[in-house]
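A note on names: the letters A, B, ... follow the listed sequences, proteins ahead of strands, and every chain is numbered from 1.
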2 protein chains.
Amino acid sequence: MNELEPEHLKSAGLKSTLPRLKVLDLFKNGQERHMSAENVYQLLRDSGDNVGLATVYRVLTQFEQAGLLVRHNFEGGKSVFELNEGTHHDHIVCMQCGHVEEFYDSAIESRQKKIAADRGFTIHDHSLHIYGDCTKTKCPHRR
Amino acid sequence: MNELEPEHLKSAGLKSTLPRLKVLDLFKNGQERHMSAENVYQLLRDSGDNVGLATVYRVLTQFEQAGLLVRHNFEGGKSVFELNEGTHHDHIVCMQCGHVEEFYDSAIESRQKKIAADRGFTIHDHSLHIYGDCTKTKCPHRR
DNA sequence: ATGCAAATGAGAATGATTATCGTTCGTGTC
DNA sequence: GACACGAACGATAATCATTCTCATTTGCAT
Ligand SMILES: [Mn+2]
Ligand SMILES: [Mn+2]
Ligand SMILES: [Zn+2]
Ligand SMILES: [Zn+2]
């Protein structure tokens with residue numbers, strides 16, 4: 001449906017296959033920024049592509065390991081992925097409509113570093129999710 | 001094995017049954033502060049009690065809803081519970097040995113409130129997990 | 001065009017959690 | 001203390017997300 005970019009895959013050490021190109025394209029040119037495996041699978045389905053769900057899971061994990069995507073574990077049991085654009089950020093999620101907003105707070109980040117240091121921990125990763133309701137009037141996002 | 005406390009259950013609107021008393025006792029008098037359903041199940045098993053795994057899951061969820069326990073979703077796919085002692089705190093988890101330390105940082109808490117307010121969100125809940133390695137020398141906690 | 005390892009897709013398998021359902025237990029009544 | 005009855009239990013089937021297996025297809029280098 002769009003131009004494909006085999007360079008990104010090759011440079012990530014991944015051979016350029018059709019399913020991989022389709023998934024990457026979805027994240028780069030699709031409307032949803034945060035998507036689960038099932039989301040990706042359905043969108044590819046809807047656009048007439050015949051990809052297996054197992055392949056979607058496989059590719060998402062590979063992309064994560066290759067640093068192309070970032071995985072998040074919001075509440076609800078399913079992993080959500082987004083394009084890795086290098087800039088770390090955390091998320092605030094609306095429990096009514098599922099809308100996700102991103103934020104970065106340097107004060108929080110530095111406090112985390114201090115907390116870990118004080119306790120003799122080497123930080124590997126961290127996750128901060130705020131759950132709430134976005135103002136009812138603007139809530140009409142999608143389910 | 002210890003004194004049982006049916007009051008807590010009754011006051012929580014829960015009928016005082018043997019499995020419930022055992023589970024509650026584990027959290028109040030056991031050695032582990034943070035436990036998964038499987039952890040609880042095994043510990044009860046080991047102490048000779050015949051409780052069903054389904055009952056453990058049921059009771060943990062009931063206790064959570066009754067406000068007796070708090071549920072956390074650390075990485076690893078399984079829910080972890082701890083006694084609800086009223087004071088909110090976040091967690092830093094060692095990815096090597098599984099050791100968990102708790103912390104509360106008012107600066108982080110207030111920044112979160114501000115972030116939500118700025119975006120028109122009413123906070124329902126939030127989760128902050130820091131993952132890392134605790135200093136190798138003190139790491140010999142359990143797997 | 002050929003060859004072959006790597007990737008894919010269908011479906012089975014897994015691990016955590018929940019739902020079902022016949023049996024047992026807790027508690028209030030006589 | 002015996003009874004009654006609905007709540008709770010325990011064993012097991014079912015569900016859900018995700019991973020694994022394996023026969024078939026594909027990407028890519030000869
Ligand atoms: Mn994001
Ligand atoms: Mn805790
Ligand atoms: Zn909303
Ligand atoms: Zn450790």
Side-chain angles (χ1 to χ4, degrees), chain A residues 4-26 34-66 68-69 71-81 98, chain B residues 4-26 34-66 68-69 71-81 98:
Chain A
L4 304 182
E5 44 258 285
E7 335 77 50
H8 279 264
L9 293 179
K10 296 203 196 88
S11 66
L14 295 170
K15 151 184 322 187
S16 170
T17 69
L18 232 25
R20 285 174 181 164
L21 289 169
K22 304 246 188 67
V23 171
L24 186 54
D25 180 65
L26 241 188
H34 305 89
M35 291 183 283
S36 67
E38 188 64 32
N39 288 159
V40 171
Y41 177 66
Q42 286 306 333
L43 286 172
L44 292 183
R45 268 296 145 105
D46 296 350
S47 66
D49 297 309
N50 178 35
V51 288
L53 181 55
T55 300
V56 171
Y57 273 103
R58 237 182 275 133
V59 170
L60 290 175
T61 298
Q62 288 163 172
F63 282 7
E64 182 199 10
Q65 291 168 341
L68 292 171
L69 297 180
R71 178 197 303 257
H72 301 293
N73 292 108
F74 297 154
E75 281 191 8
K78 45 189 64 171
S79 288
V80 170
F81 299 79
Chain B
L4 305 181
E5 44 259 283
E7 336 76 52
H8 279 261
L9 293 179
K10 298 205 195 82
S11 65
L14 295 170
K15 147 184 327 185
S16 170
T17 70
L18 234 21
R20 284 173 183 165
L21 289 169
K22 304 244 188 67
V23 172
L24 185 54
D25 180 65
L26 241 189
H34 304 91
M35 290 183 283
S36 67
E38 189 66 29
N39 288 160
V40 171
Y41 177 67
Q42 286 306 334
L43 286 172
L44 293 184
R45 268 297 146 105
D46 296 350
S47 66
D49 297 310
N50 177 34
V51 288
L53 180 55
T55 300
V56 171
Y57 273 104
R58 235 182 275 131
V59 169
L60 289 175
T61 299
Q62 287 162 174
F63 282 7
E64 182 198 10
Q65 291 168 340
L68 291 172
L69 296 180
R71 178 197 303 256
H72 300 294
N73 292 109
F74 297 154
E75 282 191 8
K78 44 190 63 169
S79 289
V80 171
F81 299 80

Quick check: closest heavy atoms across L14(B) and A66(B), and the distance to 0.1 Å? CD1-CB, 4.2 Å
Quick check for you: among [options], whose closest atom lies nearest to any side-chain atom of [X]?
X      : options                   : result
V59(A) : dA17(D), dC9(D), dT8(C)   : dT8(C)
A37(B) : dT17(C), dT8(C), dA11(D)  : dT17(C)
A54(B) : dT8(C), dG11(C), dA19(C)  : dA19(C)
L18(A) : dG9(C), dG27(D), dT18(D)  : dG27(D)
Y57(B) : dA10(C), dT12(D), dA16(C) : dA16(C)
T17(B) : dA8(D), dG10(D), dG11(C)  : dA8(D)

Whichever of R20(A) and Y41(A) has the more 5' nearest nucleotide on DNA chain C, that residue is R20(A)
Between N73(B) and S16(B), which is nearer to the 5' end of DNA chain C once each is assigned its nearest nucleotide? N73(B)
Round to a whole Å and report the spacing from [atom1] of [X] to [atom2] of [N].
X      : N       : atom1 : atom2 : result
Q62(B) : dT17(C) : CD    : P     : 16 Å
R71(A) : dA17(D) : CZ    : P     : 15 Å
F74(B) : dA16(C) : CZ    : C1'   : 17 Å

Is the phosphate of dA7(C) approached by K15(A) (side-chain N or O, under 4.0 Å from OP1 or OP2)? no
Output for pair (K22(B) NZ, D49(B) CG), nearest 0.5 Å, gives 3.5 Å
To the closest 0.5 Å, what do you measure between CE (M35(B)) and CD (Q42(B))? 13.0 Å
Is the backbone of V59(B) close enough, under 3.5 Å, to the side chain of R20(B) for a donor and an acceptor to pair up by distance? no
Given the rule in the side-chain contact (heavy atoms from CB on, under 4.5 Å) test, do F63(A) and L9(A) qualify, once you have shown the distances and angles that lead to the verdict? CA-CA 9 Å; F63(A) 282 7; L9(A) 293 179; 3.6 Å; yes
Identify whether any heavy atom of S79(B) sits under 4.0 Å from a base atom; if not, whether one sits that close to sugar-phosphate; answer base, sugar-phosphate or nothing. sugar-phosphate
Relative to the 5' end of DNA chain D, which residue comes earlier, R58(B) or L53(A), by the nucleotide with the nearest heavy atom? R58(B)
